[in-house]
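Before any comments, here is the structure.
Because the structure is a prediction, the values reported are computed rather than measured. Just follow the structure's listing: the first ligand is 1, and inside any ligand the first atom is 1.
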Amino acid sequence: MQVNFYKYQGTGNDFIIFDNRDGKFNELTKKQVKQLCDRRFGIGADGLMLLNSHPSFDFEMKYYNADGGESTMCGNGGRCLVKFAYDLGIIKTTYNFLAIDGPHEASVGLDGIVALKMVDVDGFEKRNGHFVLNTGSPHFVTFSNDVMAEDVARKGRDIRYSDAYKAEGINVNFVEQTRDTDQIIVRTYERGVEGETYSCGTGVTAAALVCYHNDNGFNRVEIKTLGGPLSVDYDKVGESFKNIWLNGPAQRVFTGTIDI
Ligand SMILES: N[C@H](CCC[C@H](N)C(=O)O)C(=O)O
């Protein structure tokens with residue numbers, strides 16, 4: 001069957017999107033998703049998303065990693081899916097969509113920046129100088145003095161497949177905090193891609209929360225990633241983080257047809 005697909009990227013984290021409002025892709029298999037995401041034998045992407053209809057929301061988001069498995073929340077994917085809805089002509093001042101981790105608000109700015117509200121985070125665990133938290137997906141955050149020199153593929157894989165995390169998997173973020181600014185540099189090994197991606201939305205969110213500056217109140221952290229700039233705003237309330245917004249560009253790269 002020949003189908004239309006859309007390719008989007010958000011700071012280099014790239015996705016195949018199918019408009020599934022008619023349910024045509026409900027039977028998509030893990031094998032088909034893996035093949036479509038393959039960068040040699042398919043379209044190539046870090047993940048694949050379905051835009052589904054929903055009676056109570058503007059749409060529902062279904063997310064699949066490149067390994068074909070349905071996964072937890074994808075921040076950059078959510079931003080790209082909102083931009084896709086906008087490009088489809090679903091124009092809203094504020095989008096309300098449902099994802100696997102619950103409802104999300106989002107908006108598309110005049111500058112093309114997509115702001116996505118993330119789930120509240122109750123705090124983070126500190127383990128041997130590293131940090132573990134869930135921002136819609138599970139994240140391990142470790143600090144580096146020179147993040148661009150890190151062997152993210154090997155070190156990320158070793159942590160992701162370590163005894164502590166191999167069952168469920170975890171995304172691994174390497175963070176360099178520049179002394180004099182609120183800017184951080186983040187590189188991420190992504191579960192389900194099983195490699196480094198150019199950016200990870202839930203990952204930079206996790207890194208930003210761990211790097212907070214104002215112990216109670218509003219924080220804004222600018223993040224540099226291999227794929228470009230992102231920012232995360234949030235309120236720190238006691239040990240919790242609320243009103244968390246992930247902001248950044250999301251663009252359509254190409255559209256096409258493919259036989260599945
Ligand atoms: N690979 C992640 C999901 C996608 C996260 C990332 N692409 C993002 O932008 O948040 C996981 O399985 O936990």
Side-chain angles (χ1 to χ4, degrees), residues 7-17 30 33-34 37 39 44-50 61-84 97 99-102 104 106 113-119 121 124 131-141 152-153 156-157 159-161 164-175 186-210 221 223-232 234 241 244-251 253:
K7 187 77 192 310
Y8 276 71
Q9 62 85 15
T11 47
N13 204 190
D14 64 336
F15 309 97
I16 298 160
I17 300 177
K30 177 169 183 164
V33 173
K34 186 176 167 70
C37 291
R39 295 194 185 277
D46 291 333
L48 182 147
M49 292 182 289
L50 301 181
M61 168 181 172
K62 283 270 184 192
Y63 179 78
Y64 303 84
N65 276 318
D67 66 3
E70 185 175 355
S71 193
T72 48
M73 184 54 186
C74 177
N76 287 329
R79 296 189 307 99
C80 286
L81 205 60
V82 167
K83 185 62 173 53
F84 175 59
F97 69 91
I100 194 165
D101 63 346
H104 289 263
I113 296 296
V114 182
L116 171 66
K117 190 173 186 182
M118 309 298 281
V119 291
V121 174
F124 47 71
F131 300 85
V132 177
L133 62 163
N134 191 303
T135 53
S137 282
H139 286 277
F140 182 99
V141 177
V152 170
R157 187 175 53 246
I159 293 165
R160 178 262 184 271
Y161 283 103
Y165 302 112
K166 65 184 173 190
E168 294 298 313
I170 196 164
N171 302 283
V172 184
N173 302 275
F174 299 81
V175 183
V186 180
R187 294 177 67 188
T188 305
Y189 175 97
E190 260 198 60
R191 171 183 72 166
V193 178
E194 302 311 338
E196 181 175 10
T197 55
Y198 271 29
S199 69
C200 175
T202 51
V204 300
T205 302
L209 299 187
V210 167
V221 181
I223 303 107
K224 270 179 82 173
T225 73
L226 297 182
L230 288 164
S231 69
V232 176
Y234 54 90
F241 301 88
I244 304 169
W245 289 81
L246 169 67
N247 315 295
Q251 281 131 14
V253 185

Hey, are the side chains of [X] and [Y] touching, using non-hydrogen atoms and a 4.5 Å cut-off?
X	Y	value
H139	C200	yes
R79	N247	no
L209	I244	yes
K83	Q251	no
W245	K117	yes
V82	F97	yes

What pair of heavy atoms forms the shortest contact from C80 to G10, and how long is it?
-> SG-N, 3.4 Å
Closest non-hydrogen atom pair, Y165 against I159 |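 For Y165 and I159, the tightest heavy-atom pair comes out as CD1-O, 3.5 Å.
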Is there a nitrogen or oxygen of [X] sitting under 3.5 Å from a nitrogen or oxygen of ligand 1?
X	value
E190	yes
G203	no
Y63	no
C74	no

Pull out every atom of ligand 1 sitting under 4.0 Å from any heavy atom of [X], numbered as shown with elements.
X	answer
R191	1 (N), 2 (C), 11 (C), 12 (O), 13 (O)
N76	8 (C), 9 (O)
N65	1 (N), 2 (C), 3 (C), 11 (C), 12 (O)

Please state which part of [X] comes within less than 4.0 Å of ligand 1, counting heavy atoms only: side chain, backbone, both or neither.
X	answer
S71	side chain
T197	neither
V193	neither
D46	neither

Among all the protein's non-hydrogen atoms, which is closest to [atom], and how far away is it?
atom	answer
atom 10 (O) of ligand 1	T202 OG1, 2.6 Å
atom 2 (C) of ligand 1	N171 OD1, 3.5 Å
atom 9 (O) of ligand 1	G201 N, 2.7 Å

Under a 4.0 Å N-O cut-off, is there an ion pair linking E168 with R191?
->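 Between R191 and E168 there is no salt bridge, as every charged N stays at least 4.0 Å from the carboxylate O atoms.
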Check if G192 has a non-hydrogen atom at a distance under 4.0 Å from any atom of ligand 1.
->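 It does not; every heavy atom stays at 4.0 Å or beyond.
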Using atom types as modelled and distance alone, determine if a side-chain donor or acceptor of T11 lies under 3.5 Å from a backbone N or O of G228.
-> no
